[in-house]
Amino acid sequence: MKKAVFLDRDGVLNRELDDYAWKIEDFHILPDVIPALKQLQERGYLLIVITNQGGIGRGLFTFDDVERVHGYLREHLAKAGIKLEEIYYCCHHPLNGACICRKPDSALVEKGLARFNIDPSLSYFIGDKERDILAGKKAGVKGILIEQNTSLLEAIKQVI
């Protein structure tokens, strides 16, 4: 079985804003992301992003807007030799009802575990909110809680 690091997006990979980051001009990848992800990838970890994008459910932006930002993220990381296996996101907002894919629920983590044959006991979820850690925990993945917009290099010391 494989091992993975699941990563929250906003506040972990890119700068958390007071509002949603759905425009490329507002999407700023944090400085230590590339060296941190390179180290994880070199140690055999698959990299999977799990993010709540409730602005879709609220009608603030569209699936296409999110896909455009995710394409930008993938392209930026690929230039550095980093491959994201997948980016899973929940488009629902709690104001519009409950779902099982929105963190702190674990459906998207479980989807990644099953699809890529990942051993949860060898895997981690790095996030800047308790809901990230809970989503990982529900799926049997160890959580690493970090301050938002801080160095990912510090967090990966718990992994490598």
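Everything numeric in this text was worked out from a predicted model, so none of it was measured.
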Can you name the nearest heavy-atom pair linking [X] to [Y], along with the distance?
{"X": "Ser151", "Y": "Asp32", "value": "OG-OD2, 2.5 Å"}
{"X": "Ala139", "Y": "Glu110", "value": "CB-CG, 3.9 Å"}
{"X": "Cys90", "Y": "Cys101", "value": "SG-SG, 3.3 Å"}

[Y] side chain reached by [X] side chain, heavy atoms, under 4.5 Å:
{"X": "Leu13", "Y": "Ile29", "answer": "no"}
{"X": "Cys91", "Y": "Gln53", "answer": "no"}
{"X": "Asn14", "Y": "Leu30", "answer": "no"}
{"X": "Leu7", "Y": "Ile50", "answer": "no"}

Value rounded to 0.5 Å, distance of [atom1] in [X] from [atom2] in [Y]:
{"X": "Arg9", "Y": "Asp132", "atom1": "CZ", "atom2": "CG", "value": "12.5 Å"}
{"X": "Glu86", "Y": "Leu108", "atom1": "CD", "atom2": "CG", "value": "10.0 Å"}
{"X": "Leu17", "Y": "Asp10", "atom1": "CG", "atom2": "CG", "value": "7.5 Å"}
{"X": "Arg131", "Y": "Lys103", "atom1": "CZ", "atom2": "NZ", "value": "6.0 Å"}

* To do: Could you work out the complete set of other residues in the hydrophobic cluster of Ile133, with links drawn between I, L, V, M, F, W and Y side chains under 4.5 Å apart?
  => Leu145

Okay, side chain of [X], backbone of [Y]: is any donor-acceptor separation there less than 3.5 Å?
{"X": "Asp26", "Y": "Lys23", "result": "no"}
{"X": "Glu147", "Y": "Asp128", "result": "no"}
{"X": "Ser106", "Y": "Val109", "result": "no"}
{"X": "Lys38", "Y": "Ile82", "result": "no"}
{"X": "Gln41", "Y": "Gly81", "result": "yes"}

* Of all residues at least two apart in sequence or in a different chain, which pass the side-chain hydrogen bond (donor to acceptor under 3.5 Å, both in side chains) check with Lys111? -> none

Can you give the donor-acceptor pairs under 3.5 Å from side chains of residues 152-160 to other protein atoms, not counting sequence neighbours?
from: Glu154; atom 1: OE2; to: Lys157; atom 2: NZ; distance (Å): 3.0

* Structure fact -> For residues 89-112, the ring-ring contact (aromatic ring centres under 6.0 Å, His included) pairs (sequence neighbours left out) are His70-Tyr89

* Structure fact -> So ring-ring contact (aromatic ring centres under 6.0 Å, His included) across residues 95-133, not counting sequence neighbours, yields none

* Asked: Between Glu130 and Lys137, is the closest basic N to carboxylate O distance under 4.0 Å?
  -> no

* Following the transitive rule for hydrophobic clusters with a side-chain heavy-atom cut-off under 4.5 Å over Ile, Leu, Val, Met, Phe, Trp and Tyr, establish whether Val69 and Tyr88 coincide in one cluster. => no

* Tell me yes or no: between the side chains of Asp119 and Ser121, is some donor less than 3.5 Å from an acceptor? => yes

* Please test Glu75 against Lys79 for salt bridge (charged side-chain N to carboxylate O under 4.0 Å, His left out), starting from the C-alpha separation and ending with a verdict. => CA-CA 6 Å; Glu75 182 180 312; Lys79 286 178 184 174; 3.8 Å; yes

* **Pairing residues for Phe27 by the ring-ring contact (aromatic ring centres under 6.0 Å, His included) criterion, not counting sequence neighbours** => none

* Apply the test salt bridge (charged side-chain N to carboxylate O under 4.0 Å, His left out) to residues Asp8 and Lys129: give CA-CA distance (whole Å), side-chain angles for both, the deciding distance (0.1 Å), then the verdict. => CA-CA 9 Å; Asp8 178 44; Lys129 294 185 177 62; 5.3 Å; no

* Under the side chain to side chain contact (heavy atoms under 4.5 Å, CB included) rule, what do Leu60 and Trp22 come out as? Steps first, then yes or no, please. => CA-CA 9 Å; Leu60 300 175; Trp22 58 275; 5.5 Å; no

